[in-house]
Amino acid sequence: MELSTLLNPSQIEAVQAVDGPVLVVAGPGSGKTRVIVYRIAYLVRTCGVRPSRIMAVTFTNKAAREMRDRIDQVLGGAQQNLTMGTFHAIGARLLRTYADSAGLDPNFVIYDADDQTQVVKRSLEDAGVDHKKFSPNAVKHAISAAKSQMVTPAEFAGRKSNYFDEIVHRVYDRYEAVLEQSHALDFDDLIVRVVRLLEGNAEVRERVQDRYVHVLVDEFQDTNAAQYRMARLIAEKHRNLCVVGDPDQAIYSWRQADVANILNFEKDFPGARVIHLEQNYRSTGTIIKAADKVIAVNRNRPQRKLWTENSDGLPIIVHDALNEQDEALFIVNEVDRLVKREGFKHGDCAVLYRTNAQSRAVEEAFVRYGLPYHLVGATRFYERREVKDVLAYLRVTYNPYDDVNLLRIVNVPSRGIGQKSLDELARWANRRSLPLYAAIQLLGEPPEQRGEGPDLGQRAEKALAGFLELIRGLEAEAKGSNAADLIKRVLAETGYRDYLLASDDDGEDRLENVMELRTVAEEFSHLRGMDSLAALLEQVALVADSDNVGEKPNSTTLITLHQAKGLEYPVVFIAGMEEGLLPHARSMEDAAQMEEERRLCYVGMTRAQQRLYLVRAYRRAAMGMRSANEPSRFLRDVPPELTALPQRKRVQAAGFQPEMRMAAMSGAAARDREAASVAPAGPPAYKAGERVKHGTFGEGVVITCHPSGSDQEVTVAFRGTAGVKKLLLSFAPLERVQA
DNA sequence: ATGTTTATTATTTTT
DNA sequence: TAATAAACAT
């Protein structure tokens, strides 16, 4: 392996610094993944470290997969024994291996966000709290925050300071009890319980620490306190901990990620080597300069400067659109043009946005124009109702003590078990501290065993007995087959297939989704019985990443800024460059949050390799309401000399009738119009945002100004009733107004 | 007990 | 706007 031909000197230093703690601060596009891949290859090939003694932690499952592939490529052959995955996946594996020592059922299930919300709701009710006054989601977030900082319910009692904390405290205890009774762990538990296990059990700690001679953590800036503690514990013995991160790309503080971990690292491992990777290989000089200007405004950041030897490339295009439809239309037009005239492929392009809701308008435009696109993770596959229902059957079959999932399907399709009966059953089970499933089992026992009965009607009892039989049947089936076959049986025996087909008009589509789940399940057909089921459930719980489901080749990617972390595209559009959106309205009050918004913008900009578009809409419909938004403050920080107006005439029409305009623009008409567009004539007379005055319409703000034939067309938003008008420069009585 | 209609309400990012 | 809960009718 001749490293000097593959890597620059700093990268080589990071690869070869294998003894002792190392912190690699790696800017965007600085070859970070490359460094990790070669570092692992170097450990295995040159240092003779067995792959089984290496642990590499990534931020997403997808990243783990890709990294494994690249390592396999470099080393030739599959490195099966390498421990590689997210903190959560690795945590789950450790906890199953050492379930006994951790005091867990080795068949524990993993609760996702939705399950958690259900548990919180139930806990709120149990605690007698009005769940209208305290949103379950807020409480869930508070509990999760406490857990990821390793605060137990008992410790929480000490820090409660207001009424909300008081409520959280009351619910937190109850929440943990419900999880335990359900033999379930939530996401945070997958980390927290590992830490507790390692801290509390010297024997297990020794074994784990002995095994992992080298530990790597990627995206270190986005780890939380518990995760860092877990990594530190595992690496404590050999002290070969290498963390790779970039404080400027920390964008998950809302999930309790804490950049301070980087500072803690240098404190906990004095004398750690610090290596900086600052040369960017990804983007044009223009993009790097602009991104650097934007991020430089943050006060709370390390001193450093990203640089590149790449050529400057083209200016960044800043575009002002009328509204979100117009914004989408502009993007679609540009993609089309880049593909037709400039040799890009659809797959080279990506549209990035702050909120998932923004994807709608963009998606509609792509559909209307018939351009290929794929949307990453909006309505995530595993969150579809029908998929969750079928999964609930599987999960209850695997672990019948899972109350949340049992409640989900006990009456789906309806089998005569109504809310009243369930309430009564739950009260009865609660008094006895029994999971619902155990309570239902007890119903079948003779009266001396079951004691004072629940007050259920005969019909309900019979229906519950029927449900019990159903689950028992599935259980027997599960033992003798595999997950994919079990899904088939669930569909047939529970009546779910008929229920789906009968329910909506899109029942067939829903069934199609379930079949997709079956396809996923088939991956685990080499395993038999409960093992197959266990493997599927684990995968589903931890791969909330829907990236592997139905990705279209060579299509434009529609993705949130957060999800785009770690990715790169030749052409990037950032949509919604507006105050209130990016930066988001919720971050306006808090300086630290505002810095995070800026980092998010920085992350977005640095995804671009060759072309970067920053697009904003003058007005936008948000949950039914229209509002006019100021341009994002981040646009002001992009030096004007690095930007340009769009080179071609933008397609637009007056007024606010997107439907009509879309219709008019579809198909051949659009192409004709495009072909008819004329070469630019002279520099624009006005820039977007300038104040102007008109003889009859009064004062207004320029939205766009661009060439139109031999003239220029100025679009102005006027104060008051006049609204938005398109005017021709040579005719309109316009004059500048000083701000 | 279940399906239908109306009212309400909350809108960021996700392993 | 859209998703969900509550109220209502069957």
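Here is how names work: the chains are called A, B, and so on, in the same order as the sequence lines, proteins then strands, and each is numbered from 1.
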Note to self: Base, sugar-phosphate or nothing for A/Phe87? Non-hydrogen atoms, less than 4.0 Å.
What the structure shows: nothing

Check: Atom CG of A/Asp114 to atom P of C/dA3: distance rounded to whole Å?
Finding: 14 Å

Note to self: Say we look at B/dT13 and C/dT4: how far apart would their P atoms be, to the nearest angstrom?
What the structure shows: 15 Å

Next item on the list: Determine if A/Trp254 stacks with B/dT13; use a centre-to-centre distance below 5.5 Å and an interplanar angle below 30° as the criteria.
Entry: yes

Next item on the list: Considering only NZ, NE, NH1 and NH2 on the basic side and carboxylate oxygens on the acidic side, decide whether A/Lys32 and A/Asp246 come within less than 4.0 Å.
Entry: no

Notebook entry, point to check: In terms of side-chain geometry, is the basic nitrogen of A/Arg599 or A/Glu596 positioned less than 4.0 Å from the acidic oxygen of its partner?
Noted result: yes

Notebook entry, point to check: DNA chain B in dot-bracket, Watson-Crick or G-U pairs under 3.5 Å, [ ] crossing, | other strand?
Noted result: ||||||||||.....

Checklist line | Plane angle bin for A/Tyr373 and A/Phe366 - parallel if under 30°, tilted between 30 and 60°, otherwise perpendicular | finding: tilted

Next item on the list: Identify whether a stacking contact exists between A/His584 and B/dT12, where the ring centres must be under 5.5 Å apart and the planes under 30° apart.
Entry: yes

Checklist line | Pairing of A/Arg360 and A/Glu364 as salt bridge, 4.0 angstrom limit | finding: yes

Margin query: If I take atom CG in residue A/Asn137 and atom C1' in nucleotide B/dT14, what distance separates them, rounded to the nearest angstrom?
Written below: 13 Å

Notebook entry, point to check: Among the nucleotides B/dT15, B/dA1, C/dA5, which one has an atom lying closest to any side-chain atom of A/Lys121?
Noted result: C/dA5

Next item on the list: Spell out yes or no: do the side chain of A/Arg354 and the base of B/dT13 have one donor N/O and one acceptor N/O closer than 3.5 Å?
Entry: yes

Note to self: Nearest to the side chain of A/Gln563, heavy atoms from C-beta on, is which of C/dT1, B/dT2, B/dT14?
What the structure shows: B/dT14

Margin query: Mind checking if A/Asn411 touches a base, just sugar-phosphate, or nothing, with heavy atoms under 4.0 Å?
Written below: sugar-phosphate

Notebook entry, point to check: How do A/Gln593 and A/Ser414 order along DNA chain B: which one's closest nucleotide is nearer the 5' end?
Noted result: A/Ser414

Next item on the list: Please lay out, stage by stage, how A/Phe220 and A/Tyr228 fare under the test ring pair (Phe, Tyr, Trp, His ring centres under 6.0 Å).
Entry: CA-CA 8 Å; A/Phe220 186 64; A/Tyr228 173 50; 5.6 Å; yes

Check: Is A/Phe187 stacked on the base of B/dT15, meaning ring centres closer than 5.5 Å and planes within 30 degrees of each other?
Finding: yes

Notebook entry, point to check: B/dT12 P sits how many Å from A/Asn356 CG, rounded?
Noted result: 10 Å

Notebook entry, point to check: Is A/Ser421 touching bases, backbone alone, or none of the nucleic acid, heavy atoms closer than 4.0 Å?
Noted result: sugar-phosphate

Check: Of all the nucleotides listed (B/dT2, B/dT14, B/dT13), which has the minimum atom distance to the side chain of A/Thr355?
Finding: B/dT13

Item checked: Ring centroid separation A/Tyr175 to A/Tyr172 under 6.0 Å -> no

